[in-house]
Structures are given as C-alpha cells and as structure tokens.
Engineer: 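My questions all concern the structure below.
Chain letters run A, B, ... following the sequence lines, proteins first and then strands; every chain starts at 1.
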2 protein chains.
Amino acid sequence: MSEVVTQTIDRCRAAGLRRTKALEELIVTLLDSPRPMTLSELAASERLRDQCDKATVFRLLQRLAEKGVVRRLGLHERAAYFTLLIPGRHQDYLICTECGSIEAVKAPCPVHELEDEIRRKTGFRNLYHELEFFGTCPACA
Amino acid sequence: MSEVVTQTIDRCRAAGLRRTKALEELIVTLLDSPRPMTLSELAASERLRDQCDKATVFRLLQRLAEKGVVRRLGLHERAAYFTLLIPGRHQDYLICTECGSIEAVKAPCPVHELEDEIRRKTGFRNLYHELEFFGTCPACA
DNA sequence: GTAATTGCAAATACTTTGCCACGTA
DNA sequence: TACGTGGCAAAGTATTTGCAATTAC
C-alpha cells in the first residue's frame with residue numbers, strides 16, 4: 001500500500017475514525033482517480049461496489065470532509081464531486097461544458113497571494129479556494 | 001429603469017426571447033442582488049412571488065443561461081446559484097462555510113493570464129472561470 | 001462491552017418535464 | 001395566427017436520515 005494511503009489512513013485514525021475496509025477502499029479509490037469523483041461513481045467503483053452500500057460511502061465522505069481529509073467540490077454538475085485533500089497539494093480543474101470531461105490544470109495556481117490578502121483583510125479563518133475553468137474542449141468544438 | 005436593465009433585455013430580445021413581465025422582473029431582481037441567488041430565492045422574491053410560477057423562473061433561467069445572459073454557479077450548496085452575466089464584468093466570491101453568507105470579492109481577479117494560457121495551450125473554446133474562496137467568517141469564528 | 005459503523009428502506013430537497021392554456025410578435 | 005411562454009401537477013435525480021444489526025477498539 002502506498003505511502004500516501006497509509007498517511008491518509010493515519011490522519012483518519014488520528015481524527016477518531018475507525019479503520020474499516022470501506023474506509024481503506026474509499027481512500028485508495030479516490031487516490032487512484034486523476035479527477036474528483038461523485039458519490040455514485042465511488043459507490044459503483046470496482047473497489048467499493050461489493051464492499052459497501054452507497055449510504056456508507058456517503059457517510060464516510062461526510063465524515064472525511066468534516067475532518068478535512070476530503071473536499072467536496074461543486075463543478076457545475078448536479079452531483080457533488082469529492083477529492084482527497086493531500087496536505088500541501090492544490091488542484092484546479094478544466095471542465096468541458098459539453099461532454100463533462102474533467103482534467104487537472106497543470107500550471108501553478110495564481111490565486112495564493114489574493115487568498116493571503118483576503119485572509120488578512122477580512123479575518124476569515126480556514127480559508128481555501130476553488131478554481132475551475134469551463135469551456136468547450138477541442139473534441140466537442 | 002436602469003441602463004443595464006434595458007441593455008440586458010435587449011440582449012434577450014436579440015437572442016430571440018419574448019419580452020414578458022416575468023423576464024423583466026427576473027432581470028431586475030438578479031441585478032438588484034449583490035450576490036448570486038438560487039431558484040427558490042428568486043421564485044420567492046418580492047418581484048417574482050406574485051408574478052409567476054417557480055417552473056417559469058426555472059425555464060427562464062435555463063433559457064437565459066443558454067443565451068449567455070445568466071450564469072449558473074455551484075457554490076457548494078445543494079441548490080444552484082444564478083447571476084447576471086454583464087459583458088466585461090467578472091466576479092469572484094467569498095463564502096462562509098458555517099453560515100453560508102456570500103459576498104463578492106473586491107480585489108481584481110488574478111486568473112485572467114492563466115485563462116489565456118489555458119486557452120492557447122489546450123484549444124478550449126468559450127473559456128471562462130469560476131473562483132470562490134471558502135472559510136469561516138469573523139462572525140462565525 | 002461500548003460506541004462507531006453499516007445496510008436497507010424511507011424521506012427530503014431540488015430540479016426537470018408534460019400538457020394544455022395563454023400572450024407576444 | 002403561430003410559436004414562444006406560463007401554470008400546475010407529476011416525475012426524476014441526488015442526497016440525507018431512521019433504525020436495528022454489526023464491528024472495531
């Protein structure tokens with residue numbers, strides 16, 4: 001099992017969660033995915049399909065989001081997307097409004113300075129941001 | 001009626017929409033609001049409450065989004081948010097994850113260069129972006 | 001042993017559509 | 001007149017919860 005997986009499970013344990021098979025498989029699944037996934041996708045994924053009920057995945061995601069281990073994203077679809085939150089890592093996304101494809105933006109995120117400024121000026125705590133680009137991908141154009 | 005309202009209605013007319021009372025009230029309501037609004041908020045708003053059904057507001061928003069007059073935003077809630085799209089204007093948002101308050105970010109958006117770069121490198125068309133900051137506001141902290 | 005976790009089914013929330021009446025151009 | 005619009009009610013989709021059984025610690 002990869003380094004990141006064990007570290008993430010440790011973070012869950014430290015946050016008071018129990019180490020269940022479903023938790024492990026969920027984390028591995030999210031980590032394997034190059035892009036955020038919906039609840040339905042997760043529940044239907046190879047690793048989780050026979051492992052547990054959709055409600056379980058839902059509640060796991062809920063707890064993990066509460067503990068800051070996963071993040072829930074909007075991304076313009078009706079369904080919410082979830083992604084693992086790895087300390088020190090940040091990802092922006094590029095989304096095709098026609099076919100719904102989602103890919104990670106490779107360039108560094110230009111928002112951190114503004115984020116610091118907002119933190120200073122507004123007194124918001126636990127500040128983070130979400131940045132998404134939308135458009136029509138070459139294949140759909 | 002303000003300049004922007006008539007211009008926006010003109011854009012709708014140009015896009016082939018009919019000028020109805022509901023359309024006008026919807027546009028004025030969105031323009032009056034300092035932040036994006038949900039379908040429910042719009043349908044229950046003073047101007048629209050007695051004017052038309054929720055389904056009508058829904059279909060109006062749908063048409064307007066199609067024509068590029070309004071934009072549908074995620075913003076992390078279960079309900080979608082809508083905002084008027086004024087040419088040459090762009091807005092980022094600061095959202096409290098505790099109380100759900102939404103305010104517009106006053107500072108200029110630092111993402112346009114990256115957007116240009118993505119447009120060039122990926123060949124995406126009609127590119128735009130959405131940037132939101134999330135955190136705990138001073139009142140909730 | 002005890003509290004967290006789970007499955008299953010039922011309840012919610014928000015969105016979306018069908019169908020026929022109506023109003024704008 | 002013709003076609004976009006509107007109201008009302010029903011259907012759809014994704015999420016969320018209740019409760020009793022199970023499992024991790």
Engineer: Given that Thr38(A) and Arg59(A) both sit by DNA chain D, which one's nearest nucleotide is further toward the 5' end?
Structural biologist: Thr38(A)
Engineer: Are Phe134(B) and His129(A) near enough that their ring centres are under 6.0 Å apart?
Structural biologist: no
Engineer: Scan Leu23(B) against the nucleic acid and name what it touches under 4.0 Å (heavy atoms): base, sugar-phosphate only, or nothing.
Structural biologist: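 Here Leu23(B) touches no strand at all.
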Engineer: Compute the angle between the rotation axes at the two ends of the helix from dG1(C)-dC25(D) to dA25(C)-dT1(D), each taken over five pairs, rounded to 10 degrees.
Structural biologist: 40°
Engineer: At a heavy-atom distance below 4.0 Å, which nucleotide of DNA chain D is the first touched by chain A, and which is the last?
Structural biologist: dG12(D) to dC25(D)
Engineer: Compile the donor-acceptor pairs under 3.5 Å between side chains in residues 33-51 of chain B and protein atoms, sequence neighbours left out, one pair per line.
Structural biologist:
| unit_1 | atom_1 | unit_2 | atom_2 | d |
| --- | --- | --- | --- | --- |
| Ser33(B) | OG | Arg35(B) | N | 3.2 |
| Ser33(B) | OG | Arg35(B) | O | 2.4 |
| Arg35(B) | NH2 | Glu41(B) | OE2 | 3.2 |
| Thr38(B) | OG1 | Glu41(B) | N | 3.1 |
| Ser40(B) | OG | Lys54(B) | NZ | 3.1 |
| Glu41(B) | OE1 | Thr38(B) | N | 2.9 |
| Ser45(B) | OG | Leu42(B) | O | 2.8 |
| Arg47(B) | NE | Glu25(B) | OE1 | 3.0 |
| Arg47(B) | NH1 | Asp32(B) | OD2 | 3.3 |

Engineer: Under 4.0 Å between any heavy atoms, over every strand shown, what does Gln51(B) touch: base, sugar-phosphate, or nothing? Just pick one.
Structural biologist: sugar-phosphate
Engineer: Using the heavy-atom set of chain A and a strict 4.0 Å cut-off, write down the first and last nucleotide of DNA chain C that makes it in, 5' to 3'.
Structural biologist: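 In short, chain A contacts DNA chain C from dA3(C) to dT16(C).
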Engineer: Quick one: name the residues clustered hydrophobically with Leu94(A), using the 4.5 Å side-chain heavy-atom rule over I, L, V, M, F, W, Y, and just say none if it's on its own.
Structural biologist: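 Its cluster mates, by chain and number, are Val105(A), Val111(A), Leu114(A), Ile118(A), Phe124(A), Leu127(A), Leu131(A), Phe133(A), Leu94(B), Val105(B), Val111(B), Leu114(B), Ile118(B), Phe124(B), Leu127(B), Leu131(B), Phe133(B).
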Engineer: Could you check Arg18(B) against Tyr81(B) and say which one's nearest nucleotide on DNA chain C is further toward the 5' end?
Structural biologist: Tyr81(B)
Engineer: Can you confirm whether Leu30(A) sits close enough to Leu64(A) that some side-chain heavy atom of one is under 4.5 Å from a side-chain heavy atom of the other?
Structural biologist: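 A side-chain contact under 4.5 Å is absent here.
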Engineer: Find which nucleotide of DNA chain C each of Asp53(A) and Arg78(B) is nearest to by heavy atoms, and output the residue with the more 5' nucleotide.
Structural biologist: Asp53(A)
Engineer: Is it true that Phe82(B) and Val28(B) fall in one hydrophobic cluster, defined by side-chain heavy atoms closer than 4.5 Å?
Structural biologist: yes
Engineer: May I ask you to say what Leu17(A) touches in the nucleic acid, namely base, sugar-phosphate or nothing, with a heavy-atom cut-off under 4.0 Å?
Structural biologist: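 Sugar-phosphate, no base atom in range.
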Engineer: Check the pair Leu84(B), Leu31(B) against side-chain contact (heavy atoms from CB on, under 4.5 Å), reporting the backbone distance first and the verdict last.
Structural biologist: CA-CA 7 Å; Leu84(B) 262 197; Leu31(B) 199 62; 3.6 Å; yes
Engineer: Less than 4.0 Å between a side-chain N and a carboxylate O, is that true for Asp10(B) and Arg13(B)?
Structural biologist: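 Looking at Asp10(B) together with Arg13(B), the answer is no, because their closest N to O distance does not fall below 4.0 Å.
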Engineer: Begin with the C-alpha distance, continue with both residues' side-chain angles, and end with the deciding distance and a verdict on side-chain contact (heavy atoms from CB on, under 4.5 Å) for Leu26(A) and Leu61(A).
Structural biologist: CA-CA 9 Å; Leu26(A) 174 58; Leu61(A) 288 167; 4.1 Å; yes
Engineer: Keeping the roles fixed (side chain from His90(B), backbone from Cys109(B)), state whether a donor-acceptor pair exists under 3.5 Å.
Structural biologist: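 Looks like no, no N/O pair under 3.5 Å.
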Engineer: Please identify each residue that fulfils side-chain hydrogen bond (donor to acceptor under 3.5 Å, both in side chains) with Ser101(B), with sequence neighbours left out.
Structural biologist: none
Engineer: Restricting to non-hydrogen atoms, name the atom on Gly74(B) and the atom on Glu130(B) that form the minimum distance, rounded to 0.1 Å.
Structural biologist: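 Taking Gly74(B) first and Glu130(B) second, the nearest heavy atoms are N-OE2, 3.5 Å.
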Engineer: Which part of the nucleic acid does Ala55(B) contact within heavy-atom distance under 4.0 Å: base, sugar-phosphate only, or nothing?
Structural biologist: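 Result for Ala55(B) = base.
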